[in-house]
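The figures that follow rest on heavy atoms only: side chains count, while hydrogens, waters and symmetry mates do not. In listed order, ligands and their atoms are each counted from 1. Source: prediction; values computed, not measured.
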Amino acid sequence: MSKETIHVGLIGTGAIGGLHADNLMRRTLGTRVVAVMDIDPERANAVAAACDGARVHADAGDLITDPAVDAILIASTDRTHADFAIACIEAGKPALCEKPLAMTVADAERVLRAELTAGRRLVQVGFMREYDLAHRDIYDLLHGGVIGAALKFRSVHINPRFIRELTIDSVITNSLIHDIHSARWIMGEEISSAYVQWVPTDPASPLSARLAEIQVTFESGAIGSLEYNGDSGYGYEVTVEVTGETGSARTASHPSPSLRQAGMASRAITPSWPERFAQAYRDEVQAWIDAIGNNEASGPSVWDGYLSLVVAEACIRSAEAGTPQFANAGERPSMYQ
Ligand code: ISE
């Protein structure tokens, strides 16, 4: 699409939708938001006003097919992502779909089939950690051969405090889905099995999850652990470490400077994900817009979104069974090589 300015329609104007709108309007070259939709009209109107009077649609389908809209950013509630992604594919319009791509493998397969039928990649999935410099450093060290073959992957994902109580299933599909993708992306190979353990937020609600850990094995025989804390009470941190044959690489999880004062050494810890990944979100949407302008696909694909759900469902089965469960990646279609 060789256009000066890519006109984006935004579905979902909550926390992440509002952040994307602000980035698209104020920090991204070659684009503007021309239409928004949200089930909360007040929220939609407020974001539309902040987007120089973008059109407000009451229906997502109308926004997707609006001739003034070139591309769609899907930031609505998780359970709506698959249907909206399919609608964008059927409209022949590129989309950036926030994670997760779907809530189930079956729904992710519907998106995959729609894109394979379309014969071209149209949907990028919002695994923004691929644009985080700390994560890219780990990727570059491993794939540059600096630490030898990878033997172990470890991620630690710490949320400050969740108001809404999350079950182990929703922690897996909403939060740990990031770590599942990071593990596949950085290790460059598929996860073959997963074993889930967790600590309930409330012993009276055994499916509630305050802490969780997924132990994984990779196709090469490497191992991994994906650790989650949903209620740290102190801040937000994401750390990744890869141990290789000749060394290990760990992200500097505190990008802030070290402060020494009054006999103490301290570092500020980001309060939550918008602050920790502020630059990654900007780079993610700039890469998406640039790719659209060059008629290319970029970033995490529908195949990545589908495989993250394949692993997530193996995790959910493991949580139910209390045993390790296999994740079968299947044959990668040539369109995603
Ligand atoms: C949230 O939806 C995000 O995507 C954040 O990146 C993640 O850290 C958080 O756990 C999720 O709830």
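- Summarising the contacts of atom 2 (O) of ligand 1 with R129, K99, E237, the nearest heavy atom is found in K99.
- Summarising the local packing, OH of Y234 is surrounded by more than 12 heavy atoms from other residues, nucleotides or ligands at distances under 6.0 Å.
- Less than 4.0 angstrom separates some heavy atom of H157 from each of these atoms of ligand 1: 7 (C), 8 (O), 9 (C), 10 (O).
- Proximity of Y236 to ligand 1, defined as any heavy-atom pair under 4.0 Å, is confined to the side chain (atoms from C-beta onward).
- Look at R129 and D179 and you find a salt bridge, because one of the NZ, NE, NH1 or NH2 atoms lies within 4.0 Å of a carboxylate O, short of that distance.
- Within a 6.0 Å radius of CD in E245, more than 12 heavy atoms belonging to other residues, nucleotides or ligands are found.
- For the pair W273 and ligand 1, the shortest N or O to N or O distance does not fall below 3.5 Å.
- For the residues L176, N159, D179, L166, the heavy atom positioned nearest atom 9 (C) of ligand 1 is part of N159.
- The pair R184-E190 meets the salt-bridge criterion, with a side-chain N (NZ, NE, NH1 or NH2) lying under 4.0 Å from an Asp/Glu carboxylate O.
- Taking a 6.0 Å sphere around CZ of R55, one finds it holds 12 or fewer heavy atoms contributed by other residues, nucleotides or ligands.
- Close contacts between ligand 1 and S175 involve ligand atoms 9 (C), 10 (O), 11 (C), 12 (O) [criterion: under 4.0 Å to a heavy atom].
- Salt bridge R79/D107: absent, no basic N to carboxylate O contact under 4.0 Å.
- In the vicinity of M128, heavy-atom distances shorter than 4.0 Å reach the ligand 1 atoms 6 (O).
- Residue H178 has at least one nitrogen or oxygen atom sitting less than 3.5 Å from a nitrogen or oxygen atom of ligand 1, judged on distance alone.
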